[in-house]
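Everything on this sheet refers to the single structure shown next.
Since the model is a prediction, treat every value here as computed from it, not as a measurement. Whatever order the structure lists ligands and atoms in, that order sets their numbers, starting from 1. Count residues from 1 along the sequence.
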Amino acid sequence: MDVRFGYELASSVVHSVGAALGARVTGYRRWPNQRLLLDEPLALAESRTDRLRRIYDKAAEQIWDGPQVFRDAVAKHGGIQLSQQKRHALAHVIGMLTWGELAAWTVSADLAEQLEAPDARMAASSQVFDEARHFYVLRDYLALLHVPVPPIDPYFAIAARTLLSTRDLTLKLFAMQILAEGTAQAMFGYLARADVEPVLSELLPLIERDEARHVGLGILHLPELLQHKSPRELARLSRRIHTIGDLLAATQMRYIPHYHALGLDARELMRRADALLSSLSRKLGTVPGTGRPYFRVDDPADDDYDQKLDFVLPKPGAASPPLSRVLFSLVDLGARALPS
Ligand SMILES: [Fe+2]
Ligand SMILES: [Fe+2]
C-alpha cells in the first residue's frame, strides 16, 4: 500500500512538474494578466469602456432568430422571383458577402480570445454569434437562388487570407472592423433599400444593424491599441491596411458588371461606401508624423470626388477614360494571374 502510494505520489509530482514546464512554453505562459483585475475599477469611469460594454448588451437585446426570419421571409414572398440572369449576378454578390461573414466569424473569434481588454473581448464575443448567424442565413439564401455558387474572387480571397493569418491584432481589428465591416455595412444598407429582391430586403436591415455594432468595436477600441505603438509600427500598420484596402477596392471593381446586371447604381453604392469609410477614417485620425489617414479613401464631400468617380465608374453612356481602361485591364489580368 505504502509502495503504491509512494509511486502514485512520485508519478503525480513528475507529471505536475512536466505540465508546469510545458505551460511555460505555450502562448498562455503569462496568463492571466494581473492588470485586468487591478485596472478594471479605474476603467469603469471611462466612457469608452461603458460604450464598449453596451455593444455586448445591445447584441443580446437585438438578437434575432436567423432561420425563423429566413423562413418567414420566404413564406411571405413565395420564394425568390428573379430571372436566371439576375440570380447569377446576385449569387456573385451574396457569395462574396457570405465568404466575408465566414472570415468575420473567424476573426471575431480570434479577437474574443486574444484581446486583452475585457469589454472589447465581450463585444467581440457577441460578434461571434452575430457572424455565425449572418453566415448561415446568407448561405441559405445563396442555396435558394438555385444557381451554381461562383468561385471566390482572387482579390477578396487574398485580402481575407491576409487578415485571417496575421497575428497582429491591431491589423485584424483595423482591417476587419473598419475596412471590411464598414464596406459591408454600406453594401447591406444599399442593397436592402435598392429592393433587389424582397426576401433579401427582409434580411439585410437586420444584418446591417449588427454590422454597425461591429464597426463600433473597432472605433471604440482601436485608439487604445494604437496609442501603445511607436510611429514606426503605426506607419507599417498603415501600409498593411492600405494593401488590404486596395485588394478590397479591386474586388469591388470586378463586381461592377454584377451590380449593373442587377439594375443597381454602382456609383451610388460606391459613394455610400466612401462616405461611411471617410467618416470612420476621420474618427481614427492620422498616422503620427505623416498627416495621412490610415487607409486610402475618397471623401464624397470633396470637390473633386465626382471627377475621381468618373474615372473608375463613368456615368451611364459616357466613355471610359483610356487610363481607366488600362486600370481595369490590369485588375482583370491580375485576377487571372494571381493564385487563388
Ligand atoms: Fe456580419
Ligand atoms: Fe460584422
Side-chain angles (χ1 to χ4, degrees), residues 51-52 54-67 69-70 73 90 93-115 120-142 152 156-157 159-164 166 169-192 199-222 241 244-245 248 251-252 269 272-273 276-277 279-280 283-284 295:
R51 286 159 69 202
L52 264 175
R54 274 211 297 274
I55 290 179
Y56 178 89
D57 296 337
K58 270 255 176 300
E61 265 168 50
Q62 297 177 339
I63 197 162
W64 48 285
D65 183 338
V69 171
F70 181 72
L90 195 52
V93 177
I94 299 299
M96 170 182 56
L97 292 168
T98 309
W99 292 128
E101 297 297 349
L102 184 65
W105 185 1
T106 309
V107 167
S108 55
D110 287 345
L111 296 173
E113 184 193 13
Q114 295 175 50
L115 285 176
R121 190 180 270 199
M122 281 177 77
S125 300
S126 66
Q127 188 182 337
V128 177
F129 280 80
D130 292 338
E131 305 298 12
R133 186 168 59 245
H134 298 172
F135 174 75
Y136 273 94
V137 166
L138 289 183
R139 192 182 68 151
D140 288 350
Y141 184 84
L142 200 52
I152 189 166
F156 188 75
R161 287 170 192 156
T162 305
L163 257 177
L164 290 167
T166 182
L169 282 191
T170 314
L171 177 64
K172 253 182 192 169
L173 196 66
F174 212 129
M176 178 51 88
Q177 308 298 121
I178 304 298
L179 278 188
E181 301 270 3
T183 306
Q185 193 193 342
M187 282 186 73
F188 286 128
Y190 176 72
L191 289 175
V199 175
L200 194 61
S201 295
E202 301 266 352
L203 307 171
L204 293 183
L206 295 167
I207 301 182
E208 183 194 7
R209 188 176 66 182
D210 293 341
E211 301 302 353
R213 284 196 307 275
H214 308 163
V215 172
L217 165 59
I219 288 294
L220 291 172
H221 193 48
L222 269 170
I241 296 168
I244 293 175
L248 293 177
T251 308
Q252 287 299 328
L269 173 58
R272 281 173 187 235
L276 184 63
L277 290 175
S279 77
L280 298 177
K283 286 191 170 85
L284 292 165
F295 57 92

Give me the one residue out of Leu111, Asp110, Val107 that meets side chain to side chain contact (heavy atoms under 4.5 Å, CB included) with Met176.
Val107
Results of ring-ring contact (aromatic ring centres under 6.0 Å, His included) for Tyr190 - residues two or more places apart only
none
What pairs with Arg272 under salt bridge (charged side-chain N to carboxylate O under 4.0 Å, His left out), at least two apart in sequence or on another chain?
Glu268
Do His221 and Gln177 have side-chain atoms, one donor and one acceptor, less than 3.5 Å apart?
no
Criterion side chain to side chain contact (heavy atoms under 4.5 Å, CB included) against Glu101, the qualifying member of Met96, Arg133, Glu211, Arg139
Glu211
Sum of protein N, O or S atoms, each under 2.8 Å from the Fe ion (ligand 2)
5
ring-ring contact (aromatic ring centres under 6.0 Å, His included) filter on Phe174, not counting sequence neighbours, yields Tyr294
